[in-house]
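Worksheet: the structure to be examined is printed underneath.
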Amino acid sequence: MKQPIFAANWKMNHAPADATAFMRAFLAHFGKRQDRGVIFFPPALSFGAVVGALKDRPDIQLGVQNIYWEDKGAFTGENSATIARASGAKYVLVGHSERRHVFGETEEETGKKVAAATRAGLTPIVCVGETLAQREAGETEMVVLRQLRAALSTVSSNDAGNAVIAYEPVWAIGTGKTATPADASTVHQAIGAELRRLLDSGSTAVPILYGGSVNRGNAADLLAAPEVDGLLVGGASLDAEGWASIVLT
Ligand code: PGA
């Protein structure tokens, strides 16, 4: 049994003072433990506040929600993987559905971001997922596996083997609709099989997280589903006590 991963994607929520207050409350509920991994993805401008709040908790990891694929230069408004790494991030979300669907990020761009993350020593959490129309058209696996291959096509199979994948059906994100554990498991198994093909190995250590309207009520069942190695949580990660209860699932 792998150590489950609980990743909190705060999106555009929690200014620095809120982030500090959140951490104080969260840490009061969550003592150090070896049997689960916790990663926070604060907004870039609140990142430093969270680094400060976690200075005595090296057991908790940090990531950024986005990077640009160049290492440095005249790219006003962007942050590089190198800057993220130097600021204390270990992870970066790549290809989140809001990046793809709100900001028009392409599959090619997700590949460039995975390459940039890898160069800088950040672990990419590659998010894949189908829209409702694609699910209804029976295209779920085709879309998810295409997104997966595009994202990992820019790095060696060795580096791809160090990534994390998050299956997040677009229709389930922020909507209150969750995939059933069985539905999630089916897609996770397809992702796992594709990874074994891509990485040319009988087994992989690549964790596959589920995300999309995870909450206190459904977290345990989703986590118990075969090939679900952790949870990527948006809305339900914003309240310190609620998030602690999910992490302690
Ligand atoms: P949600 O978001 O938990 O609010 O559905 C998940 C995500 O976007 O990562």
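Counting starts at 1 for both ligands and their atoms, in listed order.
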Once you round to the nearest 0.5 Å, how far does CE of Met12 lie from NE2 of His14? 13.5 Å
Using a 4.5 Å cut-off between side-chain heavy atoms of Ile, Leu, Val, Met, Phe, Trp and Tyr, which other residues end up in the same hydrophobic cluster as Leu209? Ile5, Ile39, Phe41, Tyr91, Leu93, Ile125, Val164, Leu232
What I want to check is whether the side chains of Thr178 and Asn218 have a donor and an acceptor closer together than 3.5 Å. yes
Considering only heavy atoms from C-beta outward, does the side chain of Thr82 approach that of Lys72 to under 4.5 Å? no
I want to check something: taking the side chain as every heavy atom from C-beta on, are Glu141 and Glu194 in contact at a cut-off of under 4.5 Å? no
Say you draw a straight line from CD of Glu78 to CG of Asn66; how long is it, rounded to the nearest 0.5 Å? 6.5 Å
Ligand 1: protein residues within heavy-atom distance under 4.0 Å: Asn9, Lys11, His96, Glu168, Ala172, Ile173, Gly174, Gly212, Ser213, Leu232, Val233, Gly234, Gly235
